[in-house]
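Read through the structure below, which is laid out as structure tokens, and then see the notes.
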Amino acid sequence: MSSIRAIRGMTDILPGDTPWWQALEAQIGSLLDSYGYHEIRMPVVEQTALFSRSIGEVTDIVEKEMYTFEDRNGDSLSLRPEGTAGCVRAAIQNGLLNTPQKLWYAGPMFRHERPQKGRQRQFHQVGVETFGIATPDIDAELILLSARLWQRLGFLDEVELQLNSIGSSESRAAYRDALVAYLGQHRDALDEDSQRRLETNPLRILDSKNPDTQALLDGAPSLADFLDEDSAAHFARLRELLDAAGLSYTINPRLVRGLDYYNRTVFEWVTTRLGAQGTICAGGRYDGLVAQLGGKDTPAVGFAMGLERLVLLLAETGSNLARPADADVYAIAVGDAAQVQAVKSVESLRDEMQNCRLLVHNGGGSFKSQMKKADKSGAAVALIWGEDEVAGQTVTLKPLRQSAGEQRQVPLAELAGALHAALAESN
RNA sequence: GUGGCCGUAGCUCAUCAGGUAGAGCACCGGAUUGUGGCUCCGGAGGUGGGGGGUUCGAGACCCCUCGGCCACCCCA
């Protein structure tokens with residue numbers, strides 16, 4: 001095909017799907033508002049160094065998945081592969097960190113991965129970040145908030161919360177040495193990927209999908225045994241709060257996160273309904289990142305959720321969030337004079353009924369074809385103008401759904417009142 | 001980045017020792033001069049992802065390429 005196509009992995013979200021997106025975004029926005037979180041909007045492009053410093057030099061995201069390019073003045077810029085780094089940068093730069101902050105953002109992220117269902121090169125996340133709160137009550141709040149969102153979206157019972165603590169960077173370093181020592185003795189039993197990770201990022205071996213590797217890990221030292229006292233207490237308190245709120249979760253001692261900046265709490269919400277892309281939401285604590293990026297030492301916790309995956313899950317679980325019909329009222333007119341009257345009357349109706357979805361037929365056509373459109377619009381009521389109505393200064397008001405009464409002609413002056421009544425009747 | 005499956009009308013698919021394509025749904029129109037949902041009739045819509053090759057002839061075979069999907073990798 002010679003015509004221009006969208007870039008691989010960057011998809012159009014079509015009118016048939018946008019109602020789900022809008023419903024999802026509305027739910028998320030109102031929930032976050034109800035918890036007192038404020039929206040922040042950051043640029044999509046940042047200096048490349050922001051991401052390499054925060055996500056980690058040797059992570060796959062930074063090494064081979066970023067869309068990086070040179071600006072006209074020679075600076076290295078990148079499309080953001082995630083939102084936390086930019087959010088932290090914005091908070092530091094704008095002096096937001098003098099007081100605790102509860103922030104959220106939404107928007108496109110970019111990673112050059114092999115596309116699959118639930119994984120695009122341009123994808124969308126909503127991120128939630130909190131700054132300046134070191135105590136585990138905020139970890140708990142974020143997790144409870146996310147659980148409430150699944151509940152509102154109708155698939156809480158389709159997802160599982162996995163939880164772990166990876167401790168301080170010191171305790172993690174000690175564990176890392178122990179793990180490398182153990183796995184080093186069994187190097188030959190490791191698969192190729194894990195042998196590579198033994199050099200680059202040993203902790204990532206913990207969540208390998210290879211069954212043999214997992215079996216080998218049964219005899220490995222446990223991260224929990226290396227937790228420092230403060231991290232252990234933090235984790236215990238978090239669990240106490242989640243238990244008190246009645247939220248069930250699975251402790252996954254092998255849950256580590258791919259991004260370098262996490263410490264202590266890490267968690268993931270996973271589902272089995274989306275194939276290999278089972279993680280719909282993930283996050284954790286990253287107390288060191290703000291200082292690492294040049295801000296004052298500030299504790300932080302946050303998470304991000306993948307909107308494509310949430311939309312897929314909504315469809316999978318048959319959510320009825322999306323609006324079923326396009327219209328409440330559909331106006332049709334046959335004849336030039338009737339059209340004049342219809343346009344005039346509908347415009348004044350719009351003054352009086354601002355929340356009514358009022359469609360006017362466009363493009364002409366026979367009475368019959370206009371009626372078909374009215375039916376397909378899903379409208380509860382059709383308004384009809386023809387020669388008779390024009391002559392009598394009336395309009396025909398026809399209920400389209402069963403058990404909503406007969407059609408009748410009403411004087412134009414009484415239209416708004418009659419329409420209100422008819423709509424109330426059909427609800 | 002690695003391995004595999006796949007690519008025919010807007011959508012879901014069919015056809016075929018290789019002889020230049022069909023159905024259902026959707027769309028448009030008609031079956032009463034001003035009335036929808038059911039039914040019937042008709043119409044429009046495809047350079048068979050793109051390029052090259054084999055052949056008298058390819059959507060069907062081969063190669064390349066682009067794209068989708070599945071697993072791995074990675075991650076939301």
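Computed from heavy atoms alone, side chains included, the values below leave out hydrogens, waters and symmetry copies. Letters go in sequence order (proteins before strands), and every chain restarts at 1.
Only the P atoms considered, G7(B) is 11 Å distant from A60(B), to the nearest whole Å. Look at the C1' atom in both U20(B) and U55(B): the space between them is 14 Å, to the nearest Å. Atom name P, nucleotides A71(B) and G52(B): the rounded distance is 35 Å, in whole Å. To the nearest whole angstrom, the two C1' atoms, one in U15(B) and one in G19(B), are 14 Å apart. The gap from the C1' atom of C5(B) to that of A17(B) amounts to 26 Å, rounded to the nearest Å. Only the P atoms considered, A23(B) is 16 Å distant from C16(B), to the nearest whole Å. U33(B) and A14(B) have their P atoms separated by 42 Å, with the value rounded to a whole Å. The same atom, P, is picked in G50(B) and in G59(B); the two are 10 Å apart, to the nearest Å.
The residue Ile384(A) sits close to a base: some heavy atom pair falls under 4.0 Å. When heavy atoms are screened at a 4.0 angstrom cut-off, Ala374(A) is found touching no nucleic acid atom at all. Residue Gly9(A) is classed as a sugar-phosphate contact, given heavy-atom separations below 4.0 Å to backbone atoms only. Residue Glu63(A) is classed as having no contact, given no heavy-atom separation below 4.0 Å to the nucleic acid. Note on Leu259(A): only backbone sugar-phosphate atoms sit closer than 4.0 angstrom, heavy atoms only; bases stay farther off. Residue Asp388(A) is classed as a base contact, given a heavy-atom separation below 4.0 Å to a base. Backbone-only engagement by Gly275(A) is indicated by non-hydrogen atom pairs under 4.0 Å involving sugar-phosphate atoms exclusively. Residue contacts for Glu192(A): at a heavy-atom cut-off of 4.0 Å it reaches no nucleic acid atom on any strand shown.
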Trace of the salt bridge (Lys or Arg N to Asp or Glu O under 4.0 Å) decision for Glu199(A) with Arg187(A): CA-CA 11 Å; Glu199(A) 314 296 334; Arg187(A) 171 178 284 274; 2.8 Å; yes
Check against salt bridge (Lys or Arg N to Asp or Glu O under 4.0 Å), Lys372(A) and Asp375(A): CA-CA 5 Å; Lys372(A) 282 187 181 177; Asp375(A) 182 51; over 6 Å; no
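Here the closest non-hydrogen pair linking Leu198(A) and Leu183(A) is CD1-CB, 3.8 Å.
Place Cys281(A) and Met10(A) on RNA chain B by their nearest nucleotides, and Met10(A) ends up nearer the 5' end. Both Gln407(A) and Trp269(A) lie near RNA chain B, and the one whose nearest nucleotide falls closer to the 5' end is Gln407(A).
For Arg8(A) and G67(B), the shortest distance from a side-chain N or O to OP1 or OP2 is below 4.0 Å. Considering only side-chain N and O atoms, Lys117(A) lies nowhere under 4.0 angstrom from the phosphate OP1 or OP2 of C69(B). A close approach under 4.0 Å does not occur between any side-chain nitrogen or oxygen of Lys373(A) and OP1 or OP2 of U35(B). Look at Lys376(A) and you'll find a side-chain N or O under 4.0 angstrom from OP1 or OP2 of C27(B).
Counting to the nearest Å, the P atom of A71(B) and the CD atom of Gln277(A) are 7 Å from each other. Straight-line distance from the CG atom of Leu149(A) to the C1' atom of A76(B): 14 Å, rounded to whole Å. Per the geometry, CZ belonging to Arg114(A) stands 13 Å off C1' belonging to C74(B), to the nearest Å. Spacing between atom CD of Gln116(A) and atom C1' of G3(B) amounts to 12 Å, rounded to whole angstrom units. Across the protein-nucleic acid pair, Met66(A) atom CE and C75(B) atom C1' stand 15 Å apart, rounded to whole Å. Rounding to whole angstrom units, CG of residue Leu274(A) and P of C75(B) are separated by 18 Å. A straight line from CG of Leu400(A) to P of C38(B) spans 14 Å, rounded to a whole angstrom. In this structure, CG of Leu206(A) is placed 13 Å from P of C75(B), rounded to the nearest angstrom.
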Pairing annotation in dot-bracket form, given for RNA chain B with Watson-Crick or G-U pairs under 3.5 Å and | for cross-strand partners: (((((((..((((........)))).(((((.......))))).....(((((.......))))))))))))....
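Taking only distance into account, the side chain of Glu65(A) never meets the base of G1(B) through a donor-acceptor pair shorter than 3.5 Å.
A side-chain donor from one of Thr279(A) and Glu268(A) sits under 3.5 Å from a side-chain acceptor of the other. A side-chain N or O of Glu141(A) and one of Tyr37(A) form a donor-acceptor pair less than 3.5 Å apart. If you check the side chains of Arg172(A) and Ser169(A), you find no donor sitting under 3.5 Å from an acceptor. Checked by atom type, the side-chain pair Gln214(A)/Arg254(A) shows a donor-acceptor distance below 3.5 Å.
Note: His112(A) and Tyr67(A) have tilted aromatic rings, judged against thresholds of 30 and 60 degrees for the angle between ring planes.
Of the candidates U35(B), G68(B), C74(B), G68(B) carries the atom nearest the Pro115(A) side chain, counting heavy atoms from C-beta on. Relative to the side chain of Arg309(A), the nucleotides G37(B), C74(B), A76(B) differ in distance, and A76(B) lies closest. Which of C75(B), G34(B), C74(B) sits closest to the side chain of Arg111(A) comes down to C75(B). When distances run from any side-chain atom of Lys398(A) to the nucleotides C70(B), C75(B), G36(B), the shortest one goes to G36(B). When the nucleotides G34(B), A71(B), A76(B) are ranked by their closest atom to the side chain of Ala276(A), A71(B) comes out on top.
In this structure a side-chain-to-backbone donor-acceptor pair under 3.5 Å is missing from Thr265(A) to Arg285(A).
Screening Leu77(A), Ile55(A), Leu293(A) for a side-chain contact (heavy atoms from CB on, under 4.5 Å) with Leu50(A), the sole residue that qualifies is Leu293(A).
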